[in-house]
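So the structure is just underneath, and the comments pick up after that.
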Amino acid sequence: MGERILARDFFDRPAPEVAPGLLGRVLRHGPVAVRLTEVEAYGPPGADPASHTYRGRTPRNAVMFGPPGHLYVYFTYGMHYCANLVCLPEGEGSGVLLRAGEVIEGAEIARTRRHRPADAAALTRPGRPLPERDLARGPARLAVALGIRREHDGADCCAGPEREFQILEGEPVDPALVQAGPRTGVSSAADTPWRFWVAGDPTVSPYRRHVPRTRPG
DNA sequence: ACTCTGATGCGCT
DNA sequence: GCGCATCAGAGTG
């Protein structure tokens with residue numbers, strides 16, 4: 001039942017319609033599965049200044065203009081990957097950013113991915129293990145937990161159980177529990193309430209307003 | 001709990 | 001060159 005793959009038609013609608021319906025759905029990549037608790041919609045060219053597709057098609061955002069139900073993976077801040085699910089028919093350029101979720105399968109693998117051995121001092125420090133709820137709390141953390149990398153840009157999530165990624169039906173969230181508000185960290189269209197999350201869920205990321213950086217000097 | 005900052009690659013103007 | 005759809009760690013209350 002909840003293990004069925006979402007039909008591609010599900011994504012063949014505007015992102016702000018798709019986004020709230022994605023809450024409670026499950027994205028699986030091999031042994032790790034994440035139940036989505038927070039998402040953001042991004043509109044097609046011209047309509048949404050915060051969207052990567054606002055100024056039209058480029059090599060980077062090309063997948064967003066492809067068929068729905070595929071992963072658009074981008075690299076940002078010189079160190080993070082984030083993932084969207086493409087919406088609307090081919091040629092439109094719209095999607096839903098996957099902002100946070102609950103790891104429901106493969107938590108140990110996810111924890112290994114999220115742990116960084118780079119800081120040698122941290123290994124000798126007592127520190128507690130990373131809390132379960134933080135494994136995929138935030139778009140870049142979610143990407144790490146699921147092992148999403150640059151090469152997965154364009155991966156089809158609706159094609160079948162033999163494919164690397166699947167978006168599963170899961171248990172859609174009661175609409176009464178869905179909350180909506182402004183998107184996180186965007187520098188424009190901050191008044192557009194296209195962020196959707198599950199009320200009271202601890203895996204939802206803390207809201208951060210965009211703050212412009214001033215460089216030294 | 002909160003606020004501030006540095007790290008870091010690259011797409012776009 | 002500027003500005004990111006960010007995060008972790010340090011500092012403070």
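Chain A is the first sequence line, chain B the second, and so forth, proteins listed ahead of strands; every chain is numbered from 1.
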Inset, instruction - For A:Glu102 and A:Arg133, run salt bridge (charged side-chain N to carboxylate O under 4.0 Å, His left out): C-alpha distance rounded to whole Å, both residues' side-chain angles, the deciding distance at 0.1 Å, then the answer. - result: CA-CA 6 Å; A:Glu102 173 193 4; A:Arg133 74 155 194 203; over 6 Å; no

Inset, instruction - Verify salt bridge (charged side-chain N to carboxylate O under 4.0 Å, His left out) between A:Glu171 and A:Arg25, making sure each step is shown before the conclusion. - result: CA-CA 6 Å; A:Glu171 291 268 352; A:Arg25 313 298 192 167; over 6 Å; no

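Of the candidate nucleotides C:dC4, B:dA7, B:dC12, B:dA7 has the atom lying nearest to any side-chain atom of A:Met79. Of the candidate nucleotides C:dA5, C:dC7, B:dC12, C:dA5 has the atom lying nearest to any side-chain atom of A:Tyr42. Of the candidate nucleotides B:dG11, C:dC7, B:dC10, B:dC10 has the atom lying nearest to any side-chain atom of A:Phe75.
The side chain of A:Arg55 contributes an N or O atom lying less than 4.0 Å from OP1 or OP2 of B:dT13. Using a 4.0 Å cut-off, no side-chain N or O of A:Arg208 falls inside it from OP1 or OP2 of B:dT3. Between A:Arg137 and C:dC7 there is no side-chain polar atom (N or O) within less than 4.0 angstrom of OP1 or OP2. One finds no side-chain N or O of A:His80 lying less than 4.0 angstrom from the OP1 or OP2 phosphate oxygen of B:dT8. The side chain of A:Thr76 contributes no N or O atom lying less than 4.0 Å from OP1 or OP2 of B:dG9. An OP1 or OP2 oxygen of C:dA5 is reached within less than 4.0 angstrom by a side-chain nitrogen or oxygen of A:His52. Within the structure, a side-chain polar atom (N or O) of A:Arg114 is placed less than 4.0 Å from OP1 or OP2 of C:dA8.
Remark: P of C:dT6 and CD of A:Glu38 are 10 Å apart, rounded to the nearest angstrom. Going from atom OH of A:Tyr81 over to atom P of C:dT6 covers 16 Å, rounded to whole Å. Rounding to whole angstrom units, CZ of residue A:Arg60 and C1' of B:dG9 are separated by 11 Å. Rounded to whole Å, the distance from CZ on A:Arg113 to C1' on C:dC7 is 19 Å. Taking atom CG of residue A:Asn61 and atom P of nucleotide B:dC12, one finds them 6 Å apart after rounding to whole Å. Rounded to whole Å, the distance from OH on A:Tyr207 to C1' on B:dT3 is 16 Å.
In DNA chain B, consecutive stretches of 3 or more Watson-Crick or G-U wobble pairs with both distances under 3.5 Å are given as paired ranges: B:1-7 with C:6-12, B:9-12 with C:1-4.
Within the nucleic acid shown, A:Ala140 comes within 4.0 Å of sugar-phosphate atoms alone, with no base atom in reach, counting heavy atoms only.
Taking the six-membered ring where the residue is Trp, A:His29 and A:Phe165 present parallel rings, their angle staying beneath 30° rather than reaching 60°.
Looking at A:Tyr81 and A:His152, their side chains never bring a donor and an acceptor atom within 3.5 Å of each other. Between the side chains of A:Glu40 and A:Trp194, no donor-acceptor pair of N or O atoms lies under 3.5 Å.
Within 3.5 Å, no donor on the side chain of A:Tyr77 pairs with an acceptor on the base of B:dA7, nor the reverse.
Centroid-to-centroid, the aromatic rings of A:Phe75 and A:His80 stay 6.0 Å apart or farther.
The residues A:Glu3 and A:Arg28 are annotated as salt-bridged, a charged nitrogen and a carboxylate oxygen being separated by less than 4.0 angstrom.
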